[in-house]
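Ligands are counted one by one from 1 in listed order, and the atoms in each one are counted from 1 as well.
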Amino acid sequence: EAVMPQEYTALKLKVLEWAPKAAEAVQGKTPEGSKFFLVPATLRPETMYGQTCCFVGPKITYGVFKVNETDYYIITDRAARNMSYQGVFAKEGVIEKVAEIAGTDIVGTLVNAPLSLHTEGVRILPMETVLSTKGTGVVSCVPSDSPDDYATITDLAKKADYYGIKKEWAELEIFPVIETPAYGNLCAPFLVKKFKIASPKDTKQLEEAKELAYKEGFYQGIMTVGEFKGEKVEVAKPKVREQMLNAGDAFAYSE
Ligand code: A2H
């Protein structure tokens with residue numbers, strides 16, 4: 001566990017269409033017309049234009065937590081407890097869990113991902129390496145800039161039947177978000193190929209790729225999309241975050 005608090009951006013991905021078993025799990029547990037959100041925690045808010053899916057841990061159990069009269073968040077119990085002390089819910093320290101859903105049952109759910117260039121929505125997909133002890137247990141997938149995410153969707157597309165998903169859910173177009181001098185405008189695919197990373201299990205090379213992608217993207221990167229197109233990533237990052245917070249599409253979460 002890190003000593004310094006980590007300041008995440010928690011993004012609200014609205015459920016457009018539940019996977020069948022998830023629909024069953026929430027059926028009758030909330031008032032008619034309730035809105036549900038998967039809530040990934042990210043350290044790279046400026047990359048959210050590039051979301052092509054969102055990951056849950058297939059073996060993790062998630063709670064459905066009441067936020068207010070209409071809204072519910074799908075996150076881990078641990079994250080809900082932390083959020084209850086950060087002004088996210090109605091009463092300080094009070095958590096209202098209305099249902100539980102197995103991660104594997106959420107897979108296939110269609111959500112709207114704020115800022116994503118895929119405005120038709122993206123799917124919830126499984127990622128074995130999601131930790132239940134970090135963030136919200138939900139991870140947004142940005143394969144253009146995250147080597148972990150790129151390695152995972154490549155693997156999912158290759159073994160779609162094994163994972164019980166539709167191949168096309170893992171094959172949404174990867175749009176460039178950040179231009180870098182060293183690795184071009186799709187730095188994660190570039191580094192995954194350069195280091196010959198064959199699967200999400202190549203953790204050592206992925207660690208190195210992640211480090212390089214982060215440094216190059218953050219310190220040398222220029223935004224190629226969105227309202228801050230042409231600006232340095234360092235400058236655009238807090239602006240994109242602020243924009244999502246102000247729009248009500250995200251909130252601050254720290255741990
Ligand atoms: B990042 P740190 Cl484009 N389990 O968001 C595993 N990974 C998790 C997680 C969990 N429970 N919760 C969050 N994360 C991921 C974007 C991104 C991220 C990009 C590039 C790098 C990157 C899109 N995925 O992270 O250990 C989330 O992925 C590189 C570390 O708290 C989150 O930011 O430092 C990051 O890890 C938080 O990791």
Side-chain angles (χ1 to χ4, degrees), residues 1-11 13 38-62 73-80 82-83 103 106 113-118 122 124-154 156 172 174-180 183 185-192 197 200-201 203 205-219 221 223-226 233 236-237 240-241 244 250 252-255:
E1 195 78 358
V3 177
M4 290 291 288
Q6 210 48 293
E7 176 84 333
Y8 294 101
T9 303
L11 203 60
L13 275 58
L38 271 291
V39 183
T42 182
L43 294 173
R44 302 285 311 271
E46 77 284 5
T47 67
M48 294 298 119
Y49 301 100
Q51 295 174 88
T52 65
C53 68
C54 174
F55 297 124
V56 294
K59 297 188 185 83
I60 297 174
T61 299
Y62 295 85
Y73 291 163
I74 290 89
I75 50 178
T76 57
D77 287 3
R78 185 187 151 278
N82 289 336
M83 285 181 191
I106 306 174
L115 291 190
S116 173
L117 298 171
H118 289 286
V122 301
I124 303 297
L125 298 177
M127 185 191 221
E128 308 277 355
T129 53
V130 172
L131 301 168
S132 60
T133 51
K134 186 200 283 192
T136 56
V138 182
V139 179
S140 67
C141 172
V142 182
S144 54
D145 291 275
S146 164
D148 281 327
D149 298 355
Y150 182 71
T152 301
I153 56 154
T154 305
L156 287 172
L172 265 56
I174 301 173
F175 298 112
V177 176
I178 292 168
E179 175 77 42
T180 71
Y183 313 130
N185 63 12
L186 292 173
C187 88
F190 179 93
L191 287 164
V192 164
I197 295 166
K201 288 179 186 128
T203 43
Q205 294 108 296
L206 272 171
E207 208 47 57
E208 198 173 340
K210 203 155 52 173
E211 183 81 16
L212 291 172
Y214 182 78
K215 282 196 183 135
E216 181 73 7
F218 188 69
Y219 296 106
M223 299 296 298
T224 63
V225 292
V233 168
K237 178 176 175 148
V240 176
R241 182 172 198 265
M244 290 196 289
Y253 170 66
S254 57
E255 59 180 42

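Checked against a 3.5 angstrom limit, the closest N/O atoms of R44 and ligand 1 fall outside it. Looking at S140 next to ligand 1, an N or O pair under 3.5 Å apart turns up.
Checking atom 26 (O) of ligand 1 against the protein gives a heavy-atom contact under 4.0 Å.
Of all the atoms in ligand 1, the ones that sit under 4.0 Å from a non-hydrogen atom of S146 are 3 (Cl), 19 (C), 20 (C). Close approach of ligand 1 to D145 (heavy-atom distance below 4.0 Å) involves ligand atoms 3 (Cl), 20 (C). For ligand 1, the atoms sitting less than 4.0 Å from at least one non-hydrogen atom of D149 are 23 (C), 24 (N), numbered in the order shown with element in parentheses. Applying the 4.0 Å criterion to heavy atoms of T47 picks out, from ligand 1, the atoms 3 (Cl). In summary, the atoms of ligand 1 found under 4.0 Å from a heavy atom of A41, numbered by their order in the structure, are 13 (C), 27 (C), 32 (C).
At the shortest separation from atom 37 (C) of ligand 1 among protein heavy atoms lies L43 CD1, 3.5 Å. For atom 30 (C) of ligand 1, the closest heavy atom belonging to the protein is K210 CD, 4.2 Å. Taking atom 16 (C) of ligand 1 as the reference point, the nearest protein heavy-atom neighbour is T42 OG1, 3.3 Å. In this structure, atom 15 (C) of ligand 1 lies nearest to the protein heavy atom V139 CG1, 4.1 Å. The protein non-hydrogen atom at the shortest distance from atom 31 (O) of ligand 1 is Y8 OH, 2.6 Å. Closest to atom 2 (P) of ligand 1, if we only count protein heavy atoms, is K134 NZ, 3.4 Å. The protein heavy-atom contact nearest to atom 11 (N) of ligand 1 is L131 O, 2.7 Å.
Put simply, CE on M48 and OG1 on T42 are 3.5 Å apart, with the number rounded to the nearest 0.5 Å. In this structure, NZ on K215 lies 13.5 Å from NZ on K210, to the nearest 0.5 angstrom. The distance from atom CG of L191 to atom CG of L186, rounded to the nearest 0.5 Å, is 11.0 Å. Separation of atoms CG (L115) and OH (Y49) is listed at 5.0 Å; rounding is to 0.5 Å. L38 contributes atom CG, which lies 11.0 Å from atom OG of S140 (distance to the nearest 0.5 angstrom). Remark: I174 CD1 to N185 CG distance equals 11.5 Å, nearest 0.5 Å.
Comment: E255 does not engage K134 in a salt bridge, judged by the lack of any side-chain N to carboxylate O separation of less than 4.0 angstrom. With respect to the salt-bridge test (charged N to carboxylate O, under 4.0 angstrom), the residues E46 and R44 qualify.
With a heavy-atom cut-off of 4.0 Å, Y214 does not touch ligand 1 at all. When heavy-atom distances to ligand 1 are checked against a 4.0 Å cut-off, D148 has no atom that comes that close, whether in backbone or side chain. Neither the backbone nor the side chain of C141 has a heavy atom within less than 4.0 Å of ligand 1.
Between the S146 side chain and the V142 main chain, no donor and acceptor come within less than 3.5 Å of each other. Under a 3.5 Å cut-off, the side chain of Y8 and the backbone N or O of P40 do not form any donor-acceptor pair.
Considering D148, T152, I60, T76 as possible partners of V130, the one that fulfils the side chain to side chain contact (heavy atoms under 4.5 Å, CB included) test is I60.
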